[in-house]
Amino acid sequence: MRSLLMRSPVIVAASWIGTYILIALLPLLLLLVYPAPEDKGFWIDFSVALGFIGLAMMALQFALTARINRIEASYGVDIILQFHRYISLVAFALILIHPLILFVAQPETLQLLNFFTAPWRARMAVLATLALIALVVTTIWRQQLKIPYEPWRTSHGIFAVLAVSLGLGHAIGVGNYLGLFWKSVLWTGIALIALWLLVYVRLVKPWFMLKKPYLVEEVRPERGNVWTLALRPIGHKGFCFEPGQFAWITLDISPFRMREHPFSMSSNGDNLERIEFSIKALGDFTNTIKDVAPGTKAFLDGPYGVFTTERYEDSAGFVLIAGGIGITPMMSILLTASKRKDERPYLLIYASKKWEDITFREELNELQQKLDLKIIHVLREPPEDWSGETGYVDKELLQRYIPKRRGTRQYLICAAPKMMEQVELALHQLDVPPTNIHMEHFNLV
């Protein structure tokens with residue numbers, strides 16, 4: 001019974017949340033250990049507590065973005081990055097509220113804002129706050145400010161390091177709560193661990209990637225302005241992946257350049273000798289895929305993701321709901337199931353704009369001969385002789401096709417955000433258990 005609980009994704013995910021809260025609060029609790037700080041009144045102590053919690057949360061941000069496999073396997077990178085974005089705003093608010101309370105409770109502290117006359121500990125606080133403001137502003141309004149992704153990513157790391165290190169310097173300089181040597185060492189250790197995680201992501205992980213290169217073996221066109229990039233490992237065995245997972249690709253440059261892009265694998269997860277990514281030409285980078293020459297060197301960081309059927313071996317079957325290029329992870333799932341001779345039923349509901357745009361149309365038809373697979377195409381602009389489903393994947397359409405015993409299946413959705421929201425809501429209205437609904441988001445950057 002205990003082993004089953006430990007393998008439950010819900011239990012594991014909940015344990016990581018508990019761990020996060022404990023780590024965020026533990027440094028603050030340790031500050032209260034003897035000798036007790038001088039009593040400066042409730043509002044001053046409350047202000048200091050907010051500052052320390054915010055600083056601890058900022059340090060934890062480095063762990064959230066380090067792509068640590070054990071954490072990522074509990075939630076998926078997309079959920080972790082969403083949490084990273086939202087919790088950054090919480091930490092930002094706590095850190096800003098910290099001095100505002102001080103200014104109200106002790107108006108004389110306003111003079112510390114004079115950068116030229118203030119002590120160095122106050123200057124560090126001002127600089128840390130400015131770095132944090134710059135980090136938040138350039139992240140939230142990156143597209144409006146027209147900051148390219150690669151320069152933004154570099155500056156994002158620099159601002160984060162400055163905010164945490166200067167914030168720690170400010171706390172040590174004030175000294176009221178870090179007067180004991182061991183307390184200063186504790187917080188310095190937290191900052192060093194955060195810095196090491198950044199070094200790991202920017203230097204150590206690219207070094208490992210450099211040792212395991214891939215070569216582009218083929219670039220072939222698919223329907224729907226999609227191009228399949230086939231890679232083979234050079235000098236190593238490659239890696240197996242769970243069907244539905246993704247990896248970060250670096251093409252034709254050193255992995256130390258940090259110009260990487262996430263894409264789902266579309267090939268059989270058990271084939272170590274060839275990994276395929278099917279990429280729709282939608283932006284600056286994806287529009288260049290068709291021009292990649294065979295023999296181009298590539299590097300992979302992966303696999304990542306929990307959007308996979310591998311976690312649900314006891315499921316009686318699967319309902320796959322895809323929109324457009326969201327078919328990519330579904331193709332990997334179906335190909336792998338076919339190679340393994342999976343006898344369970346699969347239902348694929350696939351929304352596309354036009355019949356001519358249906359990516360993997362012929363390949364999916366072939367898979368129907370090898371799997372217990374039913375495909376429902378939904379077209380927004382159907383041809384005149386079309387007799388199938390049209391419009392959008394809504395509650396009425398789902399009700400016609402999904403099993404009556406809703407809880408016997410796992411439901412995997414990959415599409416544009418608006419479609420995923422509508423499908424998720426419809427499945428809830430059709431009494432599909434929330435734990436049986438799984439979604440993969442496109443936007444990770």
Side-chain angles (χ1 to χ4, degrees), residues 19-38 40 44-66 68 84 87-103 106 109 112-113 115 118-139 154-203:
T19 301
Y20 178 90
I21 294 173
L22 177 62
I23 294 175
L25 295 179
L26 185 59
L28 174 64
L29 297 177
L30 290 176
L31 295 178
L32 303 179
V33 176
Y34 178 85
E38 178 186 350
K40 294 181 176 296
I44 300 300
D45 290 340
F46 181 66
S47 166
V48 171
L50 293 183
F52 276 117
I53 293 173
L55 184 60
M57 292 171 67
M58 285 299 299
L60 280 170
Q61 295 294 73
F62 290 89
L64 294 177
T65 57
I68 299 173
H84 165 74
I87 208 67
S88 294
L89 297 178
V90 175
F92 179 60
L94 294 179
I95 291 171
L96 283 187
I97 293 172
H98 158 61
L100 293 178
I101 293 177
L102 285 179
F103 296 152
Q106 293 182 339
T109 56
L112 296 176
L113 294 178
F115 189 82
W120 64 266
R121 60 181 183 274
R123 295 178 185 178
M124 295 183 81
V126 171
L127 291 174
T129 304
L130 291 175
L132 188 56
I133 292 173
L135 184 150
V136 172
V137 169
T138 56
T139 299
T154 300
S155 64
H156 192 76
I158 293 172
F159 288 142
V161 170
L162 288 174
V164 172
S165 58
L166 291 171
L168 176 62
H170 163 69
I172 293 175
V174 172
N176 291 333
Y177 293 79
L178 297 181
L180 289 183
F181 176 74
W182 70 266
K183 293 184 178 182
S184 297
V185 169
L186 169 69
W187 275 89
T188 302
I190 292 173
L192 290 176
I193 291 172
L195 180 61
W196 160 248
L197 290 171
L198 183 66
V199 171
Y200 173 75
V201 170
R202 299 299 176 92
L203 297 177

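One-based numbering along the sequence shown.
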**Student:** How long is the gap from CG on Leu113 to CZ on Phe115, to the nearest 0.5 Å?
**Tutor:**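 Taking CG in Leu113 and CZ in Phe115, the distance rounds to 11.5 Å.
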
**Student:** To the nearest 0.5 Å, what is the distance between CG (Leu94) and CZ (Phe52)?
**Tutor:**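 Taking CG in Leu94 and CZ in Phe52, the distance rounds to 13.5 Å.
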
**Student:** If you measure from CG on Leu168 to CE on Met124, what distance do you get to the nearest 0.5 Å?
**Tutor:**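 With rounding to 0.5 Å, CG (Leu168) is 8.0 Å from CE (Met124).
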
**Student:** Kindly indicate whether the side chain of Ile95, heavy atoms from C-beta on, has any atom under 4.5 Å from the side chain of Met58.
**Tutor:**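 Yes. Closest side-chain heavy atoms under 4.5 Å.
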
**Student:** Applying the side-chain contact (heavy atoms from CB on, under 4.5 Å) criterion to Phe62, which one of Val164, Ile193, Leu195 satisfies it?
**Tutor:**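 Output: one option passes, namely Val164.
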
**Student:** Of Val126, Leu127, Leu132, Ile133, which meets side-chain contact (heavy atoms from CB on, under 4.5 Å) against Thr129?
**Tutor:**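 With Thr129 as partner, side-chain contact (heavy atoms from CB on, under 4.5 Å) holds for just one option, Ile133.
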
**Student:** Are the side chains of Leu197 and Val201 in touch, meaning some heavy atoms are under 4.5 Å apart?
**Tutor:**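 Not touching, per the 4.5 Å side-chain cut-off.
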
**Student:** For the atom pair CG (Leu89) and NE2 (His84), what is the distance rounded to the nearest 0.5 Å?
**Tutor:**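 These two atoms lie 10.0 Å from each other.
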
**Student:** Considering non-hydrogen atoms only, spot the tightest contact between His170 and Arg121 and give its length.
**Tutor:**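 That would be ND1-O, 2.9 Å.
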
**Student:** For residues Thr139 and Leu135, report the shortest heavy-atom separation together with the two atoms involved.
**Tutor:**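 In terms of heavy atoms, the two residues are closest at OG1-O, 2.7 Å.
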
**Student:** What is the distance from atom CG of Leu96 to atom NE2 of His98, rounded to the nearest 0.5 Å?
**Tutor:**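 Going from CG on Leu96 over to NE2 on His98, the span is 10.5 Å.
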
**Student:** Taking all heavy atoms of Leu102 and all of Thr109, pick out the closest pair and write down the distance.
**Tutor:**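 Looks like O-OG1, 3.4 Å.
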
**Student:** Mind listing the closest non-hydrogen atom pair of Ala128 and Gly167 along with its distance?
**Tutor:**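 Of all heavy-atom pairs spanning Ala128 and Gly167, the closest is CB-N, 3.6 Å.
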
**Student:** Could you report the tightest heavy-atom contact between Ala131 and Ala163, atom names first, then the distance?
**Tutor:**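 Closest pair (atom of Ala131, atom of Ala163, distance): CB-N, 4.0 Å.
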
**Student:** Drop me the distance from Gln106's CD to Ser47's OG, to the nearest 0.5 angstrom.
**Tutor:**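 Going from the CD atom of Gln106 to the OG atom of Ser47 covers 9.0 Å.
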
**Student:** Can you find a heavy atom in the side chain of Pro119 that is under 4.5 Å from one in the side chain of Leu112?
**Tutor:**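 Yes, close enough: below the 4.5 Å cut-off.
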
**Student:** What are the two closest non-hydrogen atoms of Trp120 and Gly173, and how far apart are they?
**Tutor:**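 Closest approach of Trp120 to Gly173: CH2-CA, 3.6 Å.
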
